[in-house]
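As the structure is a prediction and not an experimental result, all values here were calculated from the model.
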Amino acid sequence: MEIPSKFSPQTIESKWYEYWQKNNYFKSVPDNREPYTIVIPPPNVTGVLHMGHMLNNSLQDIIIRRARMRGYNACWVPGTDHASIATEAKVVEKLKEEGIEKDDLTREAFLEYAWDWTNKYGGVILEQLKKLGCSCDWDRTKFTLDPDMYESVIKVFIDLYEKGQIYRGFKIVNWDPKAQTTLSDEEVIYKEKTGKLYYIAYQVVGSNEKVIIATTRPETLLGDTAVCINPNDDRFIHLKGKHVWVPLTKRKVPVIEDEYVTMDFGTGCLKVTPAHDLNDKALGEKHNLEIIDIFNSDATINEKGLDYEGMDRFEARKKIIKDLEAYGSVVKIESHIHKVGTSERTNEIIEPRLSYQWFLKTDNISKPAIEAVLNSGEIDMFPEKFKNTYRHWMENIRDWNISRQLWWGHRIPVYYYGDGNEDFVVAVSSQKALLKAKEKTNNQNLTLSDLKQDEDVLDTWFSSWLWPISVFDGIRNPKNSDVEYYYPTQDLVTGPDIIFFWVARMIMSGYEYRKEKPFSNIYFTGLVRDKKGQKMSKQLGNSPDALKLIDIYGADAVRVGLMLSSAAGNDLLFDENLCQQGKNFANKIWNAYRLIEGWKIDENINVSSSTKEALKWYKNKFEKTLVFVDENFEKYRISEALMSIYKLIWEDFCSWLLELIKPNYGQPINIETYNKIIVLFENNLRLLHPFMPFLTEELWHFIKNRKSNEALAISSWPSINEFDSNTLEEFEKAKEVIVGIRNFRKEKNISFKEKIDLFVSKSSSILPFEASIMKLGVVSTISYGGAPKDVFGRSFRVGTFELFIPSNSLEDSDTERRKINEELTYAKGFLASVEKKLLNKSFVSNAPEDIINIERKKMSDIKQKIILLEKSLSAL
RNA sequence: GGGUGUUUAGCUCAGUUGGUUUAGAGCGCUACCUUGACAGGGUAGAAGUCGGGGGUUCGAAUCCCUCAACACCCACCA
């Protein structure tokens, strides 16, 4: 035999991947078939494959491979994301290692360095996806900074600006002092921290009185421009219209009144720092307060901060408290638990900062996106619970801060020609900008050197929100044949953590730019956790090396391992044992084929009855399973689909069908049976292919030499045929009889080589699947009409059948009696519960007819069984 | 502070508009078997008062209320 007894994935995986690629099976161009499209959630260009990617991309591959087999024009578009903050941070760090500071480089030099880095490491992850077996159309690979993608992003910015949806605003934004950029609200993570609440005394001007103010951020008093009380608060009523001295400064600020102040928090008296707090900013606008910004961009104190200039904000806090204590101005310090905003990327504490930024209005574009998910049902989410999350966010959505003070990204197409708030134009290039500026200013003498392009780039998500459109060039050329054919896509497979960052925004951009949803179904995967339930992360070091897993178990096994326990939206507690299970499964199928392949074929041999029975049963079993698999795919219950295929192959095909059909050792098999088995085996491979592409393709080609248009990857998914459930039920009964015989052998220690005789009580019907029972029970004769008299043996019952097997060994009647009594107790208890139901008048009058009939059938069945049992008992 | 989920066998989870024998699967566990596909195998078995309490119903793991534990999301109370 040439086939090795163990399946070794390592030797075949690259072979088949190359074969698929060479034959362009994954390539898709528009044709007259229906399209089935998935766009990949683009991983960070400098990222490496981790467990989350493996889960996410295995799912996409399973879905797209099945679609391909079902005859759709399947198109899976791969690509990577430039991930501006993350990548820029990596590059800055790398430069630092080489002793270079970002500030010492020009923008151009820095970008050159970043591109070198990207070209060197970028796309590694895409190669790793190939190892996993991902059937992407690699000719369509996109990068969010590709020139055409760049143009699309800029075009959208200009368009939205011209529609009045994008504006420049002077607002409090989330500032990351480490990355030196603003962040969107979604990029801020609130972490619970124990801080301190400082009670500080402010001297009232022209009085001996002091007011006490509670604050968590005493250093910001340098920027205080008012003190606020609640007009309904009797305690402070006398302070109306007065001023107070800001401690340590020589400034006096007004006492203002606003109902915003909570009377029972802190002291009921609030210091107002419009430059450094969102609420204070609002108060400041309402009451026309001065704004004093006391921080530099790195969160050190600036020249407004008196002696504290140059100090870090936390250092300054300590010093200020010390100085205040020296003046006796600190009344008390309490420990205080509160949530502190931190940067998702750098972990740095966010500084609310007032600055000019670019914003996208969201109230209009969010409307159709809400409608599509929550009302019209155009977009489905799996699991559905995420619709709630989505609704909540969408209904409370705020304008999106899209500018970032970074270099790595799409530079904002805004050109300033002066210092005024309105002294800018928005244009696709500097030349166009010049024309616009000349027109706007009526100054024909302007030159390019008078224009200064905005230094900032756009939020990464401002490019990825266009992804399903821009990968098909649908922004630049909205009528091109690709986008018209592939858009909208079918499925999006992603994590719930980016539902706001990305999913919601793609839906918004889809309706804005295509007047259509970007995808029909969203499958949210869970987080991959370790066995203890901890999130897998680099920091914890609990994440297995994805590629190493593929090396050890094979890509197919890892995919199976991941799929076996990952219901949509549920976190997945990853256990390497699951990969082992996948590997075992691969080996099982491998050996099933080895068995079949080893049979000698004979054209003249007759087909046995057991073979006929077995083939008839398995055909029905397969059809039933196929229906179940298809249904589960429709509901995105991928793990359920896989489990049913797993059981079909392992139990039904290997343990029952092959055992029934297997010729005796050295005996040949009938050629027709052999051919039928091969077809059945091929159909199994079809079902399994999306999950285990490499193994199945390998076996597919082992079976016979296939031409390049006969590869499994592009073969067909089985079509559904009717099945007879009666046949399936009867086979289940036959199995029970076989199990009974096996039990008997085990208890009597009778070897499987020794044939037995089986007697069936004078039952009106004959046993179903008699030949199968004889073969797998190793039975020489089946006789009806009850057990012979004066013969020792053991009886057992299956449904309404009573069976008897004679045995030479002396019967232990006590054991027998005990067994029957146990069965009897169960049966009587069961009968009682059924009778109780049927004697209940309200049940009989209220329950539907078919339910009552089921109960009646249960009752008559169990009564018969009780009679059988009692008869057996008295016979002993 | 608000919201959404979860809680079923040792572990991970199904249980699909309440009714198909007094709850299922995979893994694990136990016993035995196994030199003719596979020990990465086979056969069988044990194992759960469906988180607690209350209610609706002829009937509840499934619907309602309540309590508890856990998880996640959202939020500008200094």
Side-chain angles (χ1 to χ4, degrees), chain A residues 1 3 5-7 172 190 197 213-217 220 228 260-262 264-273 277-282 336 338-339 341 352 383 385-386 388-389 392-393 396 496-497 499-500 527 531 533 564-567 569-573 575 577-578 580-581 583-599 631-632 635 637 639-640 643-644 646-647 654-655 658-659 662 664-666 739 742-743 745-747 749 751-752 826-827 829-830 832-834 836-837 840-848 850-852 854-855 857-859 861-862:
Chain A
M1 194 183 294
I3 310 177
S5 74
K6 281 177 185 168
F7 169 60
I172 294 265
Y190 288 89
L197 192 59
I213 281 152
T215 179
T216 53
R217 300 203 57 195
T220 60
C228 189
Y260 161 74
V261 179
T262 315
D264 54 10
F265 184 87
T267 60
C269 192
L270 176 73
K271 71 189 212 47
V272 184
T273 322
D277 185 278
L278 195 55
N279 302 306
D280 292 9
K281 168 81 187 330
H336 177 65
H338 62 153
K339 300 263 178 137
K385 65 180 178 188
F386 287 111
N388 286 325
T389 315
H392 186 259
W393 189 75
N396 294 287
D497 50 333
I499 185 167
F500 310 133
L527 279 174
K531 264 202 279 191
L564 275 178
S565 69
S566 77
N570 283 355
D571 286 356
L572 159 64
L573 269 62
D575 182 346
N577 288 335
L578 290 169
Q580 184 60 48
Q581 197 182 338
K583 197 176 176 189
N584 293 354
F585 184 44
N587 199 55
K588 182 76 187 177
I589 302 160
W590 185 256
N591 277 289
Y593 182 67
R594 279 181 69 224
L595 172 69
I596 298 167
E597 198 268 348
W599 287 335
E631 279 174 1
N632 279 297
K635 297 179 202 154
R637 295 159 63 128
S639 56
E640 295 265 313
M643 185 46 78
S644 63
Y646 178 92
K647 284 194 283 188
C654 294
S655 300
L658 290 183
E659 291 301 328
K662 192 193 250 181
N664 290 333
Y665 182 63
V739 165
R742 283 172 175 167
N743 265 325
R745 285 178 184 277
K746 193 176 173 186
E747 276 165 35
N749 219 356
S751 142
F752 269 90
Y826 176 89
F830 183 69
S833 80
V834 178
K836 195 179 150 197
K837 265 191 202 172
N840 185 333
K841 272 185 193 156
S842 9
F843 172 72
V844 181
S845 54
N846 288 325
D850 50 330
I851 297 296
I852 297 173
I854 287 167
E855 293 302 317
K857 175 84 167 42
K858 278 189 203 169
M859 183 160 80
D861 282 358
I862 202 72

*Quick one: label A:D280 by what it contacts on the DNA or RNA (base, sugar-phosphate, nothing), any heavy atom closer than 4.0 Å.*
nothing
_Let's see if you can work this out: which of B:rA78, B:rG15, B:rU20 has an atom nearest to the side-chain heavy atoms of A:T215?_
B:rA78
*asked:* Suppose you measure atom C1' in B:rG18 against the same atom in B:rC64; what distance do you get, rounded to whole Å?
replied: 13 Å
*Do A:K746 and B:rC32 have a side chain to base donor-acceptor pair shorter than 3.5 Å?*
no
_Straight-line distance of A:L658 CG to A:Y593 OH, nearest 0.5 Å_ = 12.5 Å
*What is the distance from CZ of A:R637 to P of B:rU16, rounded to the nearest Å?*
9 Å
*Please determine, for the side chain of A:H338, which listed nucleotide (B:rA37, B:rA78, B:rG26) has the closest atom?*
B:rA78
*Closest to the A:N279 side chain: B:rC76, B:rC74, B:rC38?*
B:rC76
*Whole Å only: how far is the CG atom of A:D497 from the P atom of B:rC74?*
10 Å
_Side-chain donor-acceptor pair present, A:Q580, A:N584, cut-off under 3.5 Å_ = yes
*Quick one: A:K6 NZ to B:rC38 P, roughly how many Å, whole number?*
10 Å
_Sugar-phosphate, base or nothing in reach of A:Y826, heavy atoms under 4.0 Å_ = base
*So which heavy atom on A:W590 is nearest to which on A:I3, and how close?*
CZ2-CG2, 3.5 Å
*So, does A:D571 use its side chain to make a donor-acceptor pair with the main chain of A:L527 at under 3.5 Å?*
yes
*asked:* Closer than 3.5 angstrom, by distance alone: can the side chain of A:T215 be matched with the main-chain N or O of A:R217 as a donor-acceptor pair?
replied: yes
*Select one nucleotide: of B:rC27, B:rA37, B:rA78, the one nearest the side-chain heavy atoms of A:F265.*
B:rA78
*Determine yes or no for a side-chain-to-main-chain donor-acceptor pair under 3.5 angstrom, with A:N396 supplying the side chain and A:H392 the backbone.*
yes
_Over all strands shown, is A:E659 touching base, sugar-phosphate only, or nothing at heavy-atom distances under 4.0 angstrom?_
base
_Can you say whether a donor on the side chain of A:K635 sits under 3.5 Å from an acceptor on the base of B:rU16, or the other way round?_
yes
*asked:* Over all strands shown, is A:E640 touching base, sugar-phosphate only, or nothing at heavy-atom distances under 4.0 angstrom?
replied: sugar-phosphate
*Step by step, work out the side chain to side chain contact (heavy atoms under 4.5 Å, CB included) result for A:D280 and A:I172.*
CA-CA 10 Å; A:D280 292 9; A:I172 294 265; over 6 Å; no
*Span that lies between the C1' atom of B:rC74 and that of B:rG52, in whole angstrom*: 30 Å
*When we call it a touch if two heavy atoms are under 4.0 Å apart, what does A:T262 touch: a base, just sugar-phosphate, or nothing?*
base
*Establish, with yes or no, whether the OP1 or OP2 oxygen of B:rC73 is under 4.0 angstrom from a side-chain nitrogen or oxygen of A:Y190.*
no
*Indicate, with a heavy-atom threshold strictly under 4.0 Å, whether A:N587 touches base, sugar-phosphate, or nothing.*
base
*Is A:C269 touching bases, backbone alone, or none of the nucleic acid, heavy atoms closer than 4.0 Å?*
nothing
*Go through B:rC76, B:rA14, B:rU20 for me and flag the one nearest to the A:N570 side chain.*
B:rA14
_Which nucleotide in B:rU20, B:rG36, B:rC27 has an atom nearest any side-chain atom of A:Y665_ = B:rG36
*So what does A:N396 hit on the nucleic acid, given a heavy-atom distance under 4.0 Å: a base, only sugar-phosphate, or nothing?*
nothing
*asked:* Run the side chain to side chain contact (heavy atoms under 4.5 Å, CB included) test against A:H336 and tell me which residues pass, sequence neighbours left out.
replied: A:L197, A:T216, A:F265, A:H338
*Tell me, for nucleotides 55-63 of chain B in 5' to 3' order, what letter each nucleotide earns: B for a base near a protein heavy atom under 4.0 Å, S for only sugar-phosphate near one, - for neither?*
---B-----
*Which part of the nucleic acid does A:K857 contact within heavy-atom distance under 4.0 Å: base, sugar-phosphate only, or nothing?*
nothing
*asked:* Using a 4.0 Å heavy-atom cut-off, does A:K841 contact any base of the nucleic acid, only the sugar-phosphate backbone, or nothing at all?
replied: nothing
*Looking only at atom P, what distance separates B:rC11 and B:rG51, rounded to whole Å?*
14 Å
*Have a look at A:R745 and say if it touches a base, only the backbone sugar-phosphate, or nothing, with a 4.0 Å heavy-atom cut-off.*
nothing
*When all nucleic acid strands are considered with a 4.0 Å heavy-atom cut-off, which category describes A:K583: base, sugar-phosphate, or nothing?*
base
_Integer-rounded Å distance: B:rG26 P and A:Q580 CD_ = 18 Å
*Using heavy atoms to find the nearest nucleotide of RNA chain B for A:K271 and A:S5 separately, return the residue whose nucleotide is more 5′.*
A:S5
*Quick one: list whatever passes side chain to side chain contact (heavy atoms under 4.5 Å, CB included) with A:Y260, sequence neighbours left out.*
A:D258, A:L270, A:N279, A:L283
*Atom-to-atom span, CE of A:M643 to P of B:rC27 - whole angstrom*: 7 Å
_Nearest-Å distance once atom P is located in both B:rA68 and B:rU20_ = 34 Å
_Closest listed nucleotide, where the reference is the side chain of A:F500 and the choices are B:rU20, B:rC74, B:rG41_ = B:rC74
*Using the P atom as the reference point in each nucleotide, state the distance between B:rA46 and B:rU8 in Å, no decimals.*
22 Å
*How many Å lie between CD on A:Q581 and C1' on B:rG40, as a whole number?*
11 Å
*Check A:S751 against A:R745 and note the closest heavy-atom contact, atom names and distance.*
O-NH1, 2.6 Å
*Could you list the residues that satisfy side chain to side chain contact (heavy atoms under 4.5 Å, CB included) with A:K746, not counting sequence neighbours?*
none
*Taking 4.0 angstrom as the limit, do A:E855 and A:K858 come out as a salt bridge?*
yes
*Which string of ( ) [ ] | and . matches RNA chain B, if you list each base 5' to 3' and count Watson-Crick or G-U pairs only when both distances are under 3.5 Å?*
(((((((..((((.....[....)))).(((((.......))))).....(((((..]....))))))))))))....
*Show your reasoning for whether side chain to side chain contact (heavy atoms under 4.5 Å, CB included) applies to A:T389 and A:F500.*
CA-CA 9 Å; A:T389 315; A:F500 310 133; 3.6 Å; yes
_A:N584 CG to B:rC27 C1', straight-line distance once rounded to whole Å_ = 11 Å
*asked:* Rounding to an integer number of angstrom, what distance separates B:rA61 and B:rC50 when you compare their P atoms?
replied: 8 Å
*A:K339 side chain, from C-beta outward: closest of B:rA78, B:rC74, B:rA37*: B:rC74
*When you measure from the side chain of A:T216, which nucleotide among B:rA78, B:rG26, B:rA14 comes out closest?*
B:rA78
*Within this structure, what is the CG-to-C1' distance between A:L527 and B:rC73, rounded to whole angstrom?*
12 Å
_Contacts of A:K583 that satisfy side chain to side chain donor-acceptor pair (under 3.5 Å) - sequence neighbours left out_ = none
_Whole-Å C1' distance, B:rG53 and B:rA78_ = 43 Å
*Output the single nucleotide from B:rA14, B:rC27, B:rA37 whose closest atom is nearest the side chain of A:L595.*
B:rA37
